[in-house]
Amino acid sequence: MVTEVESLIYKIKERTGIDISLYGEKAFFTTKENYLPILKQFDFEDFLVDEELNKLYFKVEYKGVKFVAEIDGGEKEKVVAELILSVFENSYVKPNEFSEEAFLKTALEGETTKIQLQKYIKRKNIPPYRCFCLVALLGNHKVSDVLEILENYSSKGKDISLVLGEDFIVQVKFLDETASSVYQSPTEYAESLLKSVENELGYPIDVAVGAEVSSFLEVSTSYKQALSAMRMQENLEIKGEVYSFKGMFLSKILEEMPKHKIEEYIRTLVDDNAKTIFTDSEMILTAEEFLKNDLNFSETSRKLYLHRNTLVYRLDKIQKATGLDIRKFSDAVTFRLITLLYKTIY
Amino acid sequence: MSSLLLKNIYKVYPSGVTAVTDFNLDIEDKEFIVFVGPSGCGKSTTLRMIAGLEEITDGELYIDGVLMNDVEPKDRDIAMVFQNYALYPHMSIYDNMAFGLKLRKMPKEEIDARVQEAARILGLEMYLQRKPKALSGGQKQRVALGRAIVREPKVFLLDEPLSNLDAKLRAQMRTELTKLHHKLATTFIYVTHDQIEAMTMGTRIVVMKDGFMQQVDTPQNLYDYPINLFVAGFIGTPQMNFFDAKLTGTPDEVYVEFGDGKVLLPKEKVELIYNLEDYLNTDKEVKFGIRPEDLSDDERFVGKDGNPVIDVKVDVLEMLGAETLLYCKLKGDETDDVVDSTATMIAKVDARSKSAMGQNVKLSVAVKHCHLFDKETEMTIMARNLAQKEEFLANKPVADAE
């Protein structure tokens, strides 16, 4: 195979005059004479431009083995790189067992190249709309029943539903005109679906959604976000009807912070006085309900059955102890961050 | 027939959080039961346990005498309606209503008959061929109800179904739901945090707090005989005024002393106090409760209707059209803390009231409607009637009675 790849880049050089170098996991091939590898950074998305050295790097695949390709040039040479990518793509016959489902799975996981995705979009007539991913964990419930309900929520021939494993369904929802006019957000769509399943089938399922992306080309981003939201709700025991990546974004950032750093922040932000608030379940419930109701006094006091004045009194107490007036948006954000820091640590 | 029995029901989550504690309720056929309480009180969790959407950690649930704990949700013959209409956007209203029946493989003719009948009941006949987006919020909620009706379930479970609607539509839908309940003559269990919905629709109301059932009773009884401070504060808008108080005087002439106020308790009220000797001229404090509507500033009656009078200063005045709310401070209360609710009392007076902000006024206290609670236990210390008091004293443990 080594010789096949080498002969491929020599063939390209022969016909186009373009020098190509390939960085593999354990090998390096180049059409240049006496040329040694110079690339250090392998972690990048589709392209990497090194303006200083006038090099353009991009990812290619040959018979399932991944390489980083290097050519001379910068931004302008990306077209050339696309052509080389296409040559690599078409240089061998792919095995037939790569079914559509398997392809979609690799696409969701971000394991396909942009060109492979573009080809799929063209072949399957995938609509050019914005889209997002929804993942559903069904527990012991019947996949076919939930799929039937999912189909009812789909725009015919547009949305893609995929069964991945015994109890795991993914849907790529395209936001055509109908969907955009009916649902304000992926979360609202997912809530409707969840309620329909509970209503029609009589059992609960876990549903998570990723954020909207501009087209099917970026579907893996939304899919990974949906998976991440599902995982986070399990770890953080966040209660909610639908788990959305956007809703858990703050938790995600905090989760990735080193524990000692979080403890340091808590020490700085929460003195003994403030601690009385953050360890008082009644105060925390009041504050969280106030934030949940968009800092709305009437709605919060109604939901908590508090006299409006009692609510004001408690918010004053919170302000006195923490220095944060959560009636103000900026202080409310800080308060939310501290409560999440607490949840992450304790 | 569709009666429900919830016996010692508990819900404990794996994290150890207890959402519902020892819930006991006997629901009769055709009742309209409302679960009401603040966020996180366990009302929706209880409803979801009845539906089978949440597992019951401990206790027993019976429907028509049959134990339901291990019965699949779809086999419980229950239909749910949520706040989220959850309509299929690409289906017509007819198909939306029929879908659940199709899933259950019901014959076409039967489906058609049921959908047409539900549409007739809900006034949706004209909209059957429309798509959901062509309907208003209220109409969409009616379709969601229709989807439940076509199943002809034994029990309807409704989880805050009107929360998505604006105030006007909500009021309209409240009456429609009550009519629907009468038409269908089926058991309804309704969850809400809105006490007006609870009071206007429920034949009985279950008030919940922190996972515990506080009181189960008819709306009128909840208003007249709240069992504890929480229920007293929850029922009624604006909520009942509470004052820390002491009972003084003699068994024949009992006074309630609070702040600078002192009112004579009518004899018929004194007779209802369970253990007067525990409170009369002792250190044991009580909470004196009086509803805003039981205070009056009408000069024609103040001091002349036989009710005691208290002196207050009007702090804030809210004119609501049909009535006026006076936010007052008791005489002698010089605090200037507008946010401290304990310093404020509210009187709901006639819209033609002549009281003004900053003015000292006299309020007549309709003390025959007052409430007394033990300050420590927060439970009422007054029976509804003499028979209940006698029964209570007869059943009192001997050691306690001594």
Side-chain angles (χ1 to χ4, degrees), chain A residues 141-142 145 148-156 158-159 177-179 181-183 188-205 236-237 239 241-242 281-282 285-286 288-289 292-293 299-317, chain B residues 13-15 17 36-41 48 51-55 72-76 78-91 95-96 99-100 102-104 131-133 144 147-148 151 159 193-195 207 209 230 233-234 238-239 327 337-344 346:
Chain A
H141 308 303
K142 232 175 154 184
D145 288 347
E148 192 167 349
I149 290 178
L150 259 181
E151 289 305 319
N152 284 324
Y153 271 97
S154 300
S155 310
K156 273 202 177 98
K158 285 179 190 153
D159 301 335
E177 278 168 24
T178 315
S181 65
V182 176
Y183 309 107
E188 198 182 323
Y189 171 78
E191 270 167 9
S192 291
L193 172 78
L194 184 72
K195 291 298 168 198
S196 288
V197 172
E198 288 187 351
N199 211 349
E200 310 285 10
L201 306 176
Y203 50 70
I205 55 171
L236 291 171
E237 287 192 356
K239 277 186 204 164
E241 301 258 277
V242 167
S281 58
E282 193 173 51
L285 175 74
T286 306
E288 288 196 336
E289 196 66 33
K292 201 170 140 193
N293 287 291
E299 201 55 30
T300 310
S301 39
R302 232 195 324 272
K303 292 247 172 88
L304 289 172
Y305 287 126
L306 291 178
H307 190 285
R308 191 188 160 90
N309 289 351
T310 310
L311 175 63
V312 176
Y313 173 73
R314 286 190 188 173
L315 296 185
D316 281 349
K317 198 173 165 187
Chain B
Y13 287 104
S15 59
V17 174
V36 73
S39 289
C41 71
R48 290 172 69 81
L53 295 170
E54 295 273 1
E55 220 171 282
E72 282 284 309
K74 62 178 169 47
D75 300 326
R76 293 189 184 192
I78 272 170
M80 272 193 96
V81 180
F82 304 95
Q83 178 183 341
N84 187 320
Y85 319 124
L87 303 181
Y88 305 112
H90 306 289
M91 281 187 184
D95 289 334
N96 260 287
F99 180 70
K102 283 181 191 164
L103 269 184
R104 286 165 179 75
K131 293 275 170 67
K133 71 173 178 185
R147 223 165 36 178
R151 283 200 218 155
D159 192 356
H193 67 270
D194 185 337
Q195 59 136 319
V207 183
K209 187 193 172 204
F230 176 75
F234 155 67
Q239 76 161 45
Y327 290 77
D337 190 357
V338 288
V339 301
D340 187 353
S341 61
T342 56
T344 313
I346 305 173

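Proteins come first, then strands; the chains are lettered A, B, ... in the order of their sequence lines, and each starts at number 1. Note that this is a predicted model, so its numbers are computed, not measured.
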Under 4.5 Å between any side-chain heavy atoms of A:Glu289 and B:Pro38, yes or no? no

Max heavy-atom pair count under 4.5 Å with chain A, selected residue of B:Gly37, B:Gly100, B:Pro73: B:Gly37

How many angstroms lie between atom CD of A:Glu151 and atom NE2 of B:His90, to the nearest 0.5 angstrom? 10.5 Å

Would you give the length of the straight line joining atom CG of A:Leu193 to atom OH of B:Tyr88, rounded to the nearest 0.5 angstrom? 8.5 Å

OG1 (A:Thr310) and CD (B:Gln239) are apart, to the nearest 0.5 Å, by 6.5 Å

Between B:Arg151 and A:Glu200, is there a salt bridge with N-O shorter than 4.0 Å? yes

Distance-minimising heavy-atom pair for B:Ala86 and A:Ser196: O-OG, 3.3 Å

Side chain, backbone, both or neither: which part of B:Arg76 has a heavy atom under 4.5 Å from chain A? neither

For A:Lys292, is the NZ atom crowded, meaning more than 12 foreign heavy atoms sit under 6.0 Å from it? no

Kindly indicate, with the supporting measurements, whether the criterion side-chain contact (heavy atoms from CB on, under 4.5 Å) is fulfilled by B:Leu103 and A:Leu201. CA-CA 9 Å; B:Leu103 269 184; A:Leu201 306 176; 3.9 Å; yes

Of B:Arg48, B:Glu54, B:Glu55, the residue whose pairing with A:Pro204 passes side chain to side chain contact (heavy atoms under 4.5 Å, CB included): B:Arg48

Side chain, backbone, both or neither: which part of B:Leu87 has an atom under 4.5 Å from a heavy atom of chain A? backbone

Check this for me: A:Lys317, atom NZ, are more than 12 non-hydrogen atoms of other residues, nucleotides or ligands nearer than 6.0 Å? no

Chain B shares the most heavy-atom pairs under 4.5 Å, among A:Ile149, A:Leu304, A:Leu285, with A:Ile149

From A:Lys195 NZ over to B:Asn84 CG, what is the distance, rounded to the nearest 0.5 angstrom? 7.5 Å

Just how far is it from atom CD1 of B:Ile346 to atom NE2 of A:His307, taken to the nearest 0.5 Å? 3.5 Å

Which portion of B:Asp75 sits near chain A, non-hydrogen atoms under 4.5 angstrom: neither

Which one wins on heavy-atom pair count under 4.5 Å against chain A: B:Lys133, B:Met80, B:Gln83? B:Met80

